[in-house]
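Only a predicted model underlies this, so the values are computations on that prediction, with no experimental measurement involved. Keep in mind that the numbers below use all heavy atoms, side chains included, and drop hydrogens, waters and symmetry copies. Numbered from 1 within each chain, the chains take letters A, B, ... in sequence-line order.
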Amino acid sequence: MSKKLVLIDGHSILNRAYYGLPDLTNSQGLHTNAVYGFINIMFKILEEEKPDYITVAFDVHAPTFRHKMFEQYKGNRKSMDEELRQQVPLMKKMLTAMGVKIIELAGYEADDLLGTLAHRAEQEGMNVAVISGDRDLLQLATDKVLIRIPKTKRTGTEIENYYAADVKEAYGVTPKEFIDVKALQGDSSDNFSGVPGIGEKTAKTLVAEYGSIEAIHENAAVIKPPRASKNIVEYWDDAVLCKKLATILTDAPIEYDFEEARIDSIDDLYTKEAYLMCKELEFKNLLGRFDTKEESFNVSELIEVVDTIEKADKIFEEIIDKDVAFYLVKRENNNVGQFHQDNDGQLGLFDFASKTEEELYGLSLTFLKDKIYFMETGNGISSDYLKNKIKDTTARRLISRDVKSQIKILGQDGILDPAEDFDKYIAYRNKFIDVSVAAYLINPTIGEYPLDDIAKSYSDIMIPTKKEFFGKQSFEDMYNSDKDKAIEYVAYESYIPFVAKDTLLNRLDKENMLHLFVDIEMPLVFVLASMEKEGIILDADALKEYSTNLDKGIAQLQESIYQKAGEEFNINSPKQLGVILFEKLGLPNAKKTKTGYSTSADILDGLKANYPIVSEILEYRQLAKLKSTYADGLRNYIEEDNRVRTTFNQTVTATGRLSSTEPNLQNIPIRLELGKQIRKVFHAKEGFVFVDSDYSQIELRVLAHLSGDEKLIDAYKHGKDIHRSTASVVFNVPFEEVTPLQRRNAKAVNFGIVYGVSAFGLSKDLGISRKDASEYIKNYFVQYPKIKEYLDNCIESAKKNKYALTMFNRKRPMVELESSNFMTRQFGERVAMNSPIQGTAADIIKIAMIRVHDRIFKEKLESRLLLQVHDELLIEAKESELDEVKKILNEEMQGAADLSVDLEIDTQVGTNWYDAH
DNA sequence: AATGTCACG
DNA sequence: ACGTACGTGACATTG
């Protein structure tokens, strides 16, 4: 049987895939849609053709032979989108990883290479399939050479197939004649115009009759229409040139051996390298095809399970002054006195008192490159023993992936209590390195830093993801059924941080971010751990009462809404609500979202004056939100001691802010009175009060400092009302004569400046025309020229460096500025302006938190920092310490950074959060 | 799992 | 002509 060769037109297929698929990116922001689409098309073809050889041809980005010869025809070929351009090298890398032969040749287009190889293969008796999105290739079709044109449709990829006969049938001319048709009609995408007056139809008819442009030329006198007859003579030279341009070469000087392109089976393409790349690019549903091809790093040979106290003691003697990575493995359901199955499947009565009461499964420890210890609890090794070994460590540095969780396991007793020996506490705190916090600083736009990502990015080891490793099993499940396997994973938990830490630290050093990491983020880990452990009291009964009251209001509103709507429906469903409002009741100004009508508050606000039902819906929404998220939502988080404990996430936001989850205590209502009432249930413990300090306009002050704008700095120096001051200059009225409306508008302008100015955003916010909004902005910049200059520079420098930078060298990588999409680019510009401001404010309050926390412990106070809300700190202060706490807040918050304007704070005291804010 | 909405800074 | 203010997280609905 004759052999088969598949030839792929690289750029053409990549192009098809790029425009045929939505914009996919991996979590690093790499665009991947073209590569993904290409691979899918390629495998579909391979599965159909089952070829013996495969080769992909690419253009070289240099003047090509044909276009160089006829430079006048070249010119404005559309330049490639940046998002596509980036994927060309990725694609080549992927093909190389799969062992697919790539050819490219300077001076020749991919067409010429495909034509040449197709020709050679045919002469050697092979069958050939050429895959391209470009119909020009149809000229290569013979009865052995099949041209296949994939089309990406919603239903999947469909492929048009053309042998020579099919070309004749579809186009009425032979493949050879196809060239002549093109020469006559021209090709706008290739930028040659053909013969004037001859379009597709005339060209086809003439070529079908005479066979070639030469024959047409010879018979010029008799051909119709007359215009064609005349022009074929007049533009004969052009026609000849065009034919040359349109002709794909079949004799390019390629050095090529078919054996280099050989594949014995499609499985050959599923290589380890390709697997790793697919993983990197996050082609998750492609990974399944690779079966178990991944050769993960084999950790089991390095593990030593330590099960006696003697062995453990000996190991702990070895770690003096060493870098030690650790991971305390906590038992999830630490049900004291419950029977459990041990690993030989028997109910262990003996375990009743020992193992089941252990808080920990054990400790994973790495301090050598080729050894991982797992110290298992039981047999004399107690949880407390292991915890104390970490607390009283002799190691030089302690490395972990999630230091906050780990030190929370250690508890606040012993050395971890800063009150006991403050200096010792600081020395201890300084030993820690959190590799995920480090990875966050290097790229804060990912939001997640799992072990496998850290391994992939900062070591030469690949490990499975947690999900790949455990599947649906929990750690407990696996520990009970296959203990050795479960231990493997916790071995990674110390091994990966150990092998990644130097890479991470070197990188931070190179980026001048060590100060940020060592002096801000790492100490902050401990401050946050303390805040999380502390928690905040919520009055469950009061919350319950609040919820019941809401119920009444909700029921009334619901009934009234149903009545006005003339039917019952789910008010919480935007879809149903939209239909009721804009179809049944026929309300005006309907605006579509991608799924239906928009029913958001800013749309409904405009309608509420004329339609009572709309006000009721808005009020219903307000109550429903308060009930579900706050009244009932928070109640679920109240623990035994009446306290709620949030988690502060340090590695989530792109700007450097913290975030708060489960529950989120950074978005407790305050703007509306009804919602603000919820704050009354947050109260201080007996003998204590809340002291709440928030920075006054920290972002605008940061802007004043970073821009160096004298007028703004001056306004702050003289303690002026900044919005009034802005109103005065923007609306050109004396300071004293600024109206409340003008002040309100100026305030919105100030917000806009911080968010990254856009006339549209401001106009929407203020409900004014875009023209007026841009007038405001223009006035603003005339009055504050340095701010304009500064913001422009933010964009320029972000473009140049590919990141935005804060005062303390926090970086936010910026990929948006290079986008070919106008909107994305605009977004990038706003981000480039906002990130340094928001990020610097975040840096400052982080510094303040550490200083406030440390002062409290240094002075052995019983007051505690409980919450941070971006520009606000909440302290539960002992009444007798009140004055001292206020003093600390004043000094440390104001002293956190040295700006050209003062950092002012507003402080309030109260027994609950309502009164204290 | 995605979408819409809304709470905060 | 396009269609956006910056940064988050929780809840309810719906595919």
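- Summarising the geometry, atom CZ belonging to A:Arg657 is positioned 5.0 Å from atom NE2 belonging to A:His870; distances are rounded to the nearest 0.5 Å.
- Nucleotides of DNA chain B with any atom under 4.0 Å from a heavy atom of chain A span, from 5' to 3', B:dT3 to B:dG9.
- In this structure, A:Thr599 reaches the sugar-phosphate backbone alone: every heavy-atom distance under 4.0 Å involves primed, P, OP1 or OP2 atoms, never a base.
- Contacts of A:Glu699 with the nucleic acid, taken as non-hydrogen atoms under 4.0 Å apart, are absent.
- The main-chain N or O of A:Gln556 is never found under 3.5 Å from a side-chain atom of A:Ser560 such that the two would form a donor-acceptor pair.
- Residue A:Ser758 is in base contact, counting any heavy-atom pair closer than 4.0 Å across all strands shown.
- For C:dG9, the OP1/OP2 oxygens have a side-chain nitrogen or oxygen of A:Ser659 closer than 4.0 Å.
- Look at A:Lys575 and you'll find a side-chain N or O under 4.0 angstrom from OP1 or OP2 of C:dG15.
- Comparing the P positions of C:dG3 and B:dG4 gives an interatomic distance of 15 Å, to the nearest angstrom.
- At the heavy-atom level, A:Val754 lies nowhere under 4.0 Å from the strands shown.
- Residues A:Tyr776 and A:Phe731 place their aromatic rings such that the two centres sit under 6.0 Å apart.
- Residue contacts for A:Arg770: at a heavy-atom cut-off of 4.0 Å it reaches a base atom on one of the strands shown.
- The partner of B:dG4, taking Watson-Crick or G-U wobble pairs whose two distances both stay under 3.5 Å, is C:dC11.
- Residue A:Ala759 is classed as having no contact, given no heavy-atom separation below 4.0 Å to the nucleic acid.
- Across all strands, A:Gln838 comes closer than 4.0 Å to base atoms (heavy-atom distances).
- Residue-level contact check: A:Phe827 touches the backbone only, with heavy atoms under 4.0 Å from sugar-phosphate atoms and none from bases.
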Inset, instruction - Walk me through it: do A:Phe582 and A:Asn589 pass the test side chain to side chain contact (heavy atoms under 4.5 Å, CB included)? - result: CA-CA 8 Å; A:Phe582 298 108; A:Asn589 305 332; 5.6 Å; no
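- Checked against salt bridge (Lys or Arg N to Asp or Glu O under 4.0 Å), A:Lys676 has no partners two or more places apart in sequence or in another chain.
- Neither OP1 nor OP2 of C:dC2 sits under 4.0 Å from any side-chain N or O of A:Gln826.
- A:Ile837 comes within contact range of no nucleotide atom at all, as no heavy-atom separation falls under 4.0 Å.
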